[in-house]
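Since the structure comes first, as structure tokens, the remarks are kept for the end.
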Amino acid sequence: MDAREMKIKAAEAALAHVESGMRLGIGTGSTAEEFVRLLAEKVAGGLKVEGVPTSERTARLCVELGVPLKSLDELPALDLTIDGADEVDAALRLIKGGGGALLREKIVAAASERMIVIADESKLVDTLGAFALPIEVNPFGLVSTRIAIEKVAGRLGLSGELRLRQSGDGDFTTDGGHHIIDASFGRIPDAEALSSELNSIPGVVEHGLFINMAALAIIAGPAGARTLQANR
Ligand SMILES: O=C[C@H](O)[C@H](O)[C@H](O)COP(=O)(O)O
């Protein structure tokens with residue numbers, strides 16, 4: 001089974017949690033897109049749901065495939081969000097933002113009663129941090145913000161390259177008009193501490209550590225999909 005087939009398996013298992021009438025947060029990325037494709041088939045077959053997309057990219061795919069959308073202001077309380085992740089640990093702490101959608105993803109997940117993460121087994125890790133942590137920053141005062149990130153990281157014993165994410169035509173810009181610094185810390189033993197330290201930096205808009213947000217992770221491997229439950 002290749003990576004795409006595993007993503008589809010995880011997305012199929014997540015679809016079993018979707019009931020007619022639900023208000024859904026719809027994630028971003030290649031795994032979430034497999035979920036959108038399967039959801040669209042169910043919608044075509046009569047399933048009634050309304051979705052709030054976590055990115056312009058997801059919104060475009062939903063429109064193309066006929067998944068009904070609303071804005072988060074129209075549907076401010078959601079039943080369930082289904083989204084992918086770049087890393088998942090056993091406590092269901094996540095790194096997200098590889099696709100640059102972390103801010104809207106976090107806002108949508110926080111507005112949802114439940115978040116289910118879907119991923120292939122390559123995303124499951126013992127300790128977060130091998131994937132560079134995306135940190136969304138305001139373009140104003142980038143140098144000061146970068147220095148502040150280095151300082152808080154240093155206080156927690158973390159170091160590594162902080163790289164301003166690039167796209168084809170210059171600095172990558174998120175749907176919210178911000179930039180992303182990818183922080184290669186290697187290993188983040190205390191994700192909670194790093195999360196609150198990063199939140200205290202004014203130029204940091206949001207970061208890709210999702211803690212206490214996912215209720216369930218559906219992880220697919222060659223043998224099929226298994227479910228991990230958050231112990232809280
Ligand atoms: O910003 C993007 C999101 O956080 C994605 O959910 C994450 O990067 C995982 O994407 P993929 O399913 O493509 O690996």
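First listed ligand is number 1; within each ligand, the first listed atom is number 1. Reckoned from all heavy atoms, side chains included, excluding hydrogens, waters and symmetry mates.
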Does any N or O atom in [X] lie less than 3.5 angstrom from one in ligand 1, N or O only?
X	value
Lys7	no
Gly29	no
Gly100	yes

Would Glu34 and Thr31 count as having a side-chain donor-acceptor pair, cut-off 3.5 Å?
->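 Note: Glu34 and Thr31 side chains miss the donor-acceptor criterion.
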Select one of side chain, backbone, both or neither to describe which atoms of Ala85 lie under 4.0 Å from any atom of ligand 1, heavy atoms only.
->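 Under 4.0 Å from ligand 1, Ala85 contributes backbone atoms alone.
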Given Arg57, Arg4, Lys7, the one that forms salt bridge (charged side-chain N to carboxylate O under 4.0 Å, His left out) with Glu33 =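 It is Arg57; the other options fail the test.
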How close does the nearest protein non-hydrogen atom get to [atom], and which residue and atom is it?
atom	value
atom 3 (C) of ligand 1	Glu105 OE2, 2.9 Å
atom 14 (O) of ligand 1	Lys123 NZ, 2.6 Å
atom 11 (P) of ligand 1	Ser30 OG, 3.4 Å
atom 8 (O) of ligand 1	Asp86 OD1, 2.7 Å
atom 6 (O) of ligand 1	Thr28 O, 2.7 Å
atom 2 (C) of ligand 1	Gly99 N, 3.1 Å
atom 12 (O) of ligand 1	Thr31 OG1, 2.6 Å

Is Ile26 reachable from Met115 through a run of I, L, V, M, F, W or Y residues, each pair having side-chain heavy atoms under 4.5 Å apart?
->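 No: no chain of side-chain contacts under 4.5 Å links Met115 to Ile26.
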With a cut-off of 4.0 Å, which atoms of ligand 1 are near a heavy atom of [X]?
X	result
Asp83	6 (O)
Gly98	1 (O), 2 (C), 8 (O)
Gly84	6 (O)

Heavy atoms, side chains only, cut-off 4.5 Å: are Leu142 and Leu164 in contact?
->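 Side chain of Leu142 against side chain of Leu164, heavy atoms only: contact under 4.5 Å found.
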Any donor-acceptor N/O pair, Thr174 side chain to His178 backbone, under 3.5 Å |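 Yes.
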Any donor-acceptor N/O pair, Lys70 side chain to Leu75 backbone, under 3.5 Å |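 Side chain of Lys70 to backbone of Leu75: no pair is present.
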Derivation and outcome, salt bridge (charged side-chain N to carboxylate O under 4.0 Å, His left out), residues Arg23 and Glu50 | CA-CA 5 Å; Arg23 298 154 299 177; Glu50 289 180 309; over 6 Å; no
Leu133 and Leu198: CA distance, side-chain angles, deciding distance, side-chain contact (heavy atoms from CB on, under 4.5 Å) verdict | CA-CA 11 Å; Leu133 177 66; Leu198 289 173; 3.8 Å; yes
Take every heavy atom of Glu33, measure it against each atom of ligand 1, and state whether any distance is under 4.0 Å.
->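 In this structure, Glu33 fails to qualify as a contact of ligand 1 - no heavy atom is under 4.0 Å.
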Please test Glu121 against Lys9 for salt bridge (charged side-chain N to carboxylate O under 4.0 Å, His left out), starting from the C-alpha separation and ending with a verdict.
-> CA-CA 11 Å; Glu121 64 181 10; Lys9 282 271 168 255; over 6 Å; no
Mind running salt bridge (charged side-chain N to carboxylate O under 4.0 Å, His left out) on Asp83 and Lys96 for me, showing each step along the way?
-> CA-CA 10 Å; Asp83 202 349; Lys96 289 184 52 55; 3.0 Å; yes
